[in-house]
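What follows is a set of notes on a single structure, which appears directly below.
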Amino acid sequence: MDRSIIDKEAATILAQINTYVPGIAPFFELNQTIEAYSRHLYEFSVLETHINRQALLKKHIREKALQLFGEQGMEELKISLDENLALNIGDHHQVLNHPLLMGANVISSVQKFFQPERPQAILVISSGDVPPNNYFSLNGFQLHGKKVPVFSVSEREYTSYYIPRRDFNFIEKLKISDRWKDFTQEEQKFLQQEYARIQQLDFSRCRDYCDQMTVIVKNTWPLLFETSLRPTMPELVYITQEELVTQCLIELLQEDNFISACLFNKEFQQHVLDNFRGIVVAWQEVENKGTHFFWRKYPNEPRSLRMYVQGNMLVPTDPRFSHLAVPLEREAIITLLRQREIYPSLFLIFSVLNFWAGVKPLAGFGSVVYLNLFKQAWLKSLKDSLYVNEMPLVENVMIDNIVCGLPIFFKRIEGKPRTLYGYDLIYDGGASKEYLQHIFAMEFKNLLSIAIPDMYNYYSLKYIPPSRRLKPTIALDDLAEHVFDWVP
């Protein structure tokens with residue numbers, strides 16, 4: 001496609017993004033280098049109240065890491081929770097695969113690269129609510145444009161949080177589906193080696209699939225980089241939002257605070273329901289989207305049920321399971337959380353992590369928008385309530401930090417830079433120091449500019465009226481030809 005045509009269409013798309021999602025516009029003018037931007041993410045102070053509240057999060061993060069890796073593993077990982085908490089909350093609890101997610105933990109942690117000794121681990125509070133067939137996974141991962149299934153078709157709607165331990169035999173699944181032959185001998189050898197590597201991992205401390213995925217990600221992350229970089233690479237540790245916030249809620253809901261008031265104070269609850277209605281990842285009852293406060297475990301399957309408030313109950317929207325309604329009572333909710341029969345929605349997750357505890361969210365181009373809407377909805381809900389003193393604390397939470405959604409790994413194929421998925425990069429031996437130095441020296445706005453088509457595909461479904469939507473013909477790789485013209 002002609003360069004002038006690509007640039008003209010990109011400008012048209014960007015203009016509409018800025019019109020309907022104006023809060024994102026400043027990011028397209030950010031001329032900081034990725035290195036400077038990354039360092040700036042951690043240049044902030046935390047209010048004393050938030051420091052005290054974050055002690056609860058830190059306690060449960062330590063407990064989870066200790067469960068998975070033991071005392072010796074904790075020392076080797078170098079998990080430090082002494083610093084101000086700025087955490088990636090936009091990632092999914094799944095294999096390292098999609099270009100829009102892979103770069104997040106590089107961009108957020110530039111200062112930890114190329115150190116003489118291994119630095120503190122990178123901690124990610126990832127989403128364990130995602131089904132295997134979500135956009136960034138599609139049931140598994142991808143190698144050279146060919147899908148490798150970790151899950152079968154019948155498992156695609158499972159909720160990751162409830163999936164039991166599994167064997168990850170993607171080779172058997174490829175053979176059963178008669179797709180093994182689609183891979184070259186070298187690709188087959190690579191996949192066999194990868195499967196053998198996963199089988200050798202120590203899952204003995206893992207209780208379920210999410211625990212296994214934490215172990216797999218930790219051991220796969222170094223392979224994204226060339227061998228010489230691996231000895232001093234920071235470890236990457238994923239902990240699911242759902243499990244962490246569940247443990248926090250078991251304690252929080254025993255007290256009177258604006259989180260517990262959402263559930264047990266009918267007047268305040270109604271304000272919250274009204275003020276958050278229609279915000280992405282909250283709830284929109286008429287469209288059967290989202291859930292009120294918690295998801296309910298589906299009987300005998302690793303799936304979940306949405307629930308809406310009816311009187312003093314949370315009632316599943318599927319009438320077949322109305323008998324699983326949850327009383328909006330303190331002891332009942334705490335008991336079901338302990339039993340893993342319910343787990344917190346993203347509304348409660350972000351409300352606890354970011355607006356109660358004051359954790360600085362390192363987000364994606366989608367979550368940075370709806371978290372700003374969350375902030376405004378919380379300020380509106382708290383005004384004139386018993387919790388009006390929380391308003392300055394919520395106001396202090398810094399939302400505008402994007403690390404997810406910026407693809408950074410490319411390879412020149414047939415003369416043009418092309419996006420690499422996780423296992424494409426691993427297949428090639430990982431990114432070099434020189435390559436990463438190029439990335440760190442790039443301006444943020446230039447890196448973000450190549451994501452315009454993907455951003456538009458997301459925003460158009462959430463914020464742009466159907467009658468105004470465009471039909472983009474350009475893709476990420478088209479825009480990368482100019483920005484990544486230095487790729488060898």
Side-chain angles (χ1 to χ4, degrees), residues 91-107 122 124 126 130 132-152 155-156 160 166-177 179-201 203 209 212-227 229-230 233 235-236 238 404-414 417-432 435-436 439 454 476-477 480 484 487:
D91 214 337
H92 291 187
H93 204 76
Q94 59 193 30
V95 293
L96 299 172
N97 173 56
H98 201 280
L100 292 180
L101 296 180
M102 273 206 310
N105 300 306
V106 177
I107 293 169
I122 302 168
V124 177
S126 54
V130 292
N133 72 332
N134 75 88
Y135 174 78
F136 295 112
S137 173
L138 298 179
N139 284 358
F141 59 93
Q142 183 169 306
L143 177 65
H144 299 159
K146 292 169 275 193
K147 294 178 182 178
V148 180
V150 173
F151 292 88
S152 63
E155 299 172 312
R156 63 188 177 187
S160 296
R166 55 192 299 114
D167 63 8
F168 298 96
N169 195 339
F170 46 80
I171 292 177
E172 179 180 294
K173 286 181 171 58
L174 283 170
K175 290 179 178 178
I176 290 173
S177 63
R179 286 191 283 144
W180 182 243
K181 67 180 186 304
D182 297 339
F183 295 84
T184 67
Q185 286 188 347
E186 284 302 310
E187 290 169 340
Q188 289 179 358
K189 180 180 178 182
F190 170 79
L191 290 172
Q192 288 169 332
Q193 291 173 339
E194 179 60 17
Y195 176 62
R197 184 184 69 82
I198 291 173
Q199 295 307 298
Q200 292 169 4
L201 297 177
F203 294 134
Y209 162 79
Q212 288 179 295
M213 195 49 59
T214 296
V215 172
I216 289 173
V217 167
K218 171 194 173 295
N219 287 278
T220 303
W221 160 256
L223 305 182
L224 297 177
F225 309 97
E226 67 179 8
T227 306
L229 297 177
R230 295 173 193 170
M233 283 291 299
E235 299 278 14
L236 180 63
Y238 279 25
C404 298
L406 306 176
I408 64 172
F409 296 116
F410 289 83
K411 178 182 179 180
R412 193 167 292 277
I413 300 173
E414 297 180 353
R418 291 293 179 255
T419 317
L420 294 180
Y421 280 67
Y423 281 89
D424 298 337
L425 189 59
I426 295 170
Y427 186 94
D428 289 341
S432 68
Y435 184 94
L436 292 171
I439 296 295
D454 293 273
L476 187 153
D477 281 347
F484 280 84
V487 171

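Source: prediction; values computed, not measured. Just so it is clear, the values below take in all heavy atoms, side chains as well, and ignore hydrogens, waters and symmetry mates.
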Salt bridge (Lys or Arg N to Asp or Glu O under 4.0 Å) between Lys411 and Asp424, worked out: CA-CA 10 Å; Lys411 178 182 179 180; Asp424 298 337; over 6 Å; no
With heavy-atom distances below 4.5 Å as the criterion, would you say the side chains of [X] and [Y] are in contact?
{"X": "Leu174", "Y": "Pro149", "result": "yes"}
{"X": "Phe409", "Y": "Pro99", "result": "no"}
{"X": "Pro407", "Y": "Leu476", "result": "yes"}
{"X": "Lys189", "Y": "Gln193", "result": "yes"}
{"X": "Leu96", "Y": "Leu223", "result": "no"}
{"X": "Asn134", "Y": "Gln94", "result": "yes"}
{"X": "Tyr238", "Y": "Asp91", "result": "yes"}
{"X": "Thr214", "Y": "His93", "result": "yes"}

Could you tell me which non-hydrogen atom of [X] sits nearest to which non-hydrogen atom of [Y], and how far apart they are?
{"X": "Arg230", "Y": "Gly429", "result": "NH2-O, 3.5 Å"}
{"X": "Ile439", "Y": "Ile408", "result": "CD1-O, 3.3 Å"}
{"X": "Ser137", "Y": "Pro132", "result": "OG-O, 3.3 Å"}
{"X": "Pro417", "Y": "Ala480", "result": "CG-O, 4.0 Å"}

Roughly how far, to the nearest 0.5 Å, is [atom2] of [Y] from [atom1] of [X]?
{"X": "Lys175", "Y": "Lys173", "atom1": "NZ", "atom2": "NZ", "result": "13.5 Å"}
{"X": "His144", "Y": "Leu420", "atom1": "NE2", "atom2": "CG", "result": "8.0 Å"}
{"X": "Ser177", "Y": "Glu172", "atom1": "OG", "atom2": "CD", "result": "10.5 Å"}
{"X": "Arg418", "Y": "Phe484", "atom1": "CZ", "atom2": "CZ", "result": "13.0 Å"}
{"X": "Asn97", "Y": "Thr220", "atom1": "CG", "atom2": "OG1", "result": "11.5 Å"}
{"X": "Phe190", "Y": "Leu143", "atom1": "CZ", "atom2": "CG", "result": "6.0 Å"}

Positive for ring-ring contact (aromatic ring centres under 6.0 Å, His included) with Phe141, one of Phe170, Tyr421, Phe168: Phe170
Spell out, as yes or no, whether a donor-acceptor pair under 3.5 Å connects the side chain of [X] to the backbone of [Y].
{"X": "Gln142", "Y": "Gly422", "result": "no"}
{"X": "Arg156", "Y": "Asn133", "result": "no"}
{"X": "Gln188", "Y": "Trp180", "result": "yes"}
{"X": "Arg166", "Y": "Phe151", "result": "no"}

Flag if over 12 foreign heavy atoms under 6.0 Å of NZ, Lys146: yes
Non-neighbouring partners of Phe183 that pass ring-ring contact (aromatic ring centres under 6.0 Å, His included), sequence neighbours left out: none
Listed partners of Asn139 passing side-chain hydrogen bond (donor to acceptor under 3.5 Å, both in side chains), at least two apart: none
Thr419 versus Asp477, side-chain donor and acceptor atoms under 3.5 Å: yes
Step-by-step side-chain contact (heavy atoms from CB on, under 4.5 Å) determination, Leu224 to Ile426: CA-CA 5 Å; Leu224 297 177; Ile426 295 170; 3.8 Å; yes
Stepwise side-chain contact (heavy atoms from CB on, under 4.5 Å) check, Ile198 with Phe203: CA-CA 10 Å; Ile198 291 173; Phe203 294 134; 4.2 Å; yes
Derivation and outcome, salt bridge (Lys or Arg N to Asp or Glu O under 4.0 Å), residues Arg197 and Glu194: CA-CA 5 Å; Arg197 184 184 69 82; Glu194 179 60 17; 2.5 Å; yes
